[in-house]
Amino acid sequence: MLQEEKDQKMKERETVLAERLPPLNLSGLSLQELQDLCKELHHKVDVVDEEWYDVGLKVSKNDKEIQNLSQKVFELKGKMKRKVRVSAGAMLGALLGAKVKESVDFKANLKTVKKEEEKKEEVTDWRKNVDAMSGMEGRKKLFDAAQ
């Protein structure tokens with residue numbers, strides 16, 4: 001299987017080269033024509049070498065840029081791990097964006113609940129009221145106060 005793939009690639013390479021580069025016909029050429037052909041081929045080789053060098057520089061430059069950017073991404077990931085505290089208003093602004101321009105007053109939307117005040121009996125010194133509460137009149141005052 002590997003040998004078949006190699007043979008197939010060689011055949012493809014030969015067909016591509018045959019299409020791109022016509023075979024050289026050196027028979028019947030004079031010395032001046034051969035020199036001109038050599039100069040032309042030498043010029044083509046120089047152009048290809050320059051392009052190859054330029055492409056190599058671009059690739060190395062892009063590799064360095066990729067390495068720098070990946071290092072920056074790695075550093076930013078490390079910085080993003082810390083927790084950031086954000087107020088509720090800022091978070092709502094970020095989530096809702098420009099939809100809410102005025103600040104939302106949550107306290108105004110809350111229901112008011114009335115608490116019933118418990119009746120607390122006054123704690124008084126029992127020694128002061130002993131004479132006032134003694135007898136039937138004192139018991140009558142307690143009975144009236146309870147109603």
Side-chain angles (χ1 to χ4, degrees), residues 1-130 132-133 138 141-147:
M1 184 169 168
L2 293 175
Q3 187 64 29
E4 292 173 5
E5 289 179 7
K6 286 181 183 178
D7 292 339
Q8 184 180 3
K9 286 184 182 181
M10 288 297 290
K11 288 179 183 176
E12 288 177 7
R13 182 171 183 240
E14 289 174 5
T15 56
V16 169
L17 285 176
E19 289 175 5
R20 291 186 183 175
L21 301 173
L24 290 176
N25 188 6
L26 300 177
S27 62
L29 293 177
S30 67
L31 183 62
Q32 184 63 30
E33 290 174 345
L34 286 174
Q35 287 178 349
D36 290 341
L37 181 63
C38 286
K39 287 180 183 178
E40 182 182 335
L41 290 175
H42 191 8
H43 179 69
K44 286 183 180 180
V45 168
D46 286 342
V47 169
V48 170
D49 281 343
E50 288 176 6
E51 289 177 1
W52 177 78
Y53 181 74
D54 291 342
V55 169
L57 284 178
K58 284 182 182 179
V59 167
S60 64
K61 181 181 175 183
N62 287 340
D63 286 341
K64 288 179 184 177
E65 187 176 353
I66 288 171
Q67 188 177 10
N68 289 339
L69 290 175
S70 63
Q71 185 176 1
K72 286 181 182 179
V73 166
F74 181 74
E75 290 173 358
L76 287 176
K77 281 183 181 180
K79 289 180 182 178
M80 293 302 224
K81 286 184 181 177
R82 62 185 159 147
K83 294 181 181 177
V84 178
R85 293 184 184 219
V86 180
S87 67
M91 192 177 296
L92 277 175
L95 291 175
L96 299 177
K99 292 180 183 176
V100 179
K101 291 185 179 177
E102 50 189 62
S103 63
V104 180
D105 188 17
F106 290 110
K107 289 183 180 179
N109 295 335
L110 295 176
K111 294 180 180 178
T112 56
V113 177
K114 295 180 181 178
K115 291 185 178 179
E116 292 183 21
E117 294 182 18
E118 296 179 16
K119 294 180 182 178
K120 294 183 179 179
E121 294 181 20
E122 288 184 30
V123 178
T124 56
D125 192 13
W126 61 273
R127 289 173 280 193
K128 293 181 182 176
N129 292 335
V130 169
M133 293 298 192
K141 287 181 189 175
L142 286 176
F143 181 74
D144 290 340
Q147 289 181 350

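Fair warning: this is a prediction, and the values are worked out from it, not measured in the lab.
Separation of atoms CG (Leu17) and CD (Glu19) is listed at 9.5 Å; rounding is to 0.5 Å. Taking CD of Glu75 as the start and OG of Ser70 as the end, the distance is 10.0 Å to the nearest 0.5 Å.
With contacts defined as side-chain heavy-atom distances shorter than 4.5 Å, the pair Val45/Leu41 does not qualify. Looking only at side-chain heavy atoms (C-beta outward), Lys11 and Thr15 stay at 4.5 Å or farther from each other. Side-chain contact between Met10 and Lys6 is absent, with no heavy-atom pair separated by less than 4.5 Å.
Residue pairs that meet the salt bridge (Lys or Arg N to Asp or Glu O under 4.0 Å) test with at least one member in residues 20-46, sequence neighbours left out, are Glu40-Lys44.
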Would you mind writing out the side-chain donor-acceptor pairs for residues 62-69 within the sub-3.5 Å range, not counting sequence neighbours?
unit_1: Asn62; atom_1: ND2; unit_2: Lys58; atom_2: O; d: 3.3
unit_1: Asn68; atom_1: ND2; unit_2: Lys64; atom_2: O; d: 3.4

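Remark: Glu4 engages no residue in a side chain to side chain contact (heavy atoms under 4.5 Å, CB included) (not counting sequence neighbours).
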For this session: Starting from the C-alpha separation in whole Å, work towards a yes-or-no answer on side-chain contact (heavy atoms from CB on, under 4.5 Å) for Glu12 and Gln8.
Result: CA-CA 6 Å; Glu12 288 177 7; Gln8 184 180 3; 3.6 Å; yes
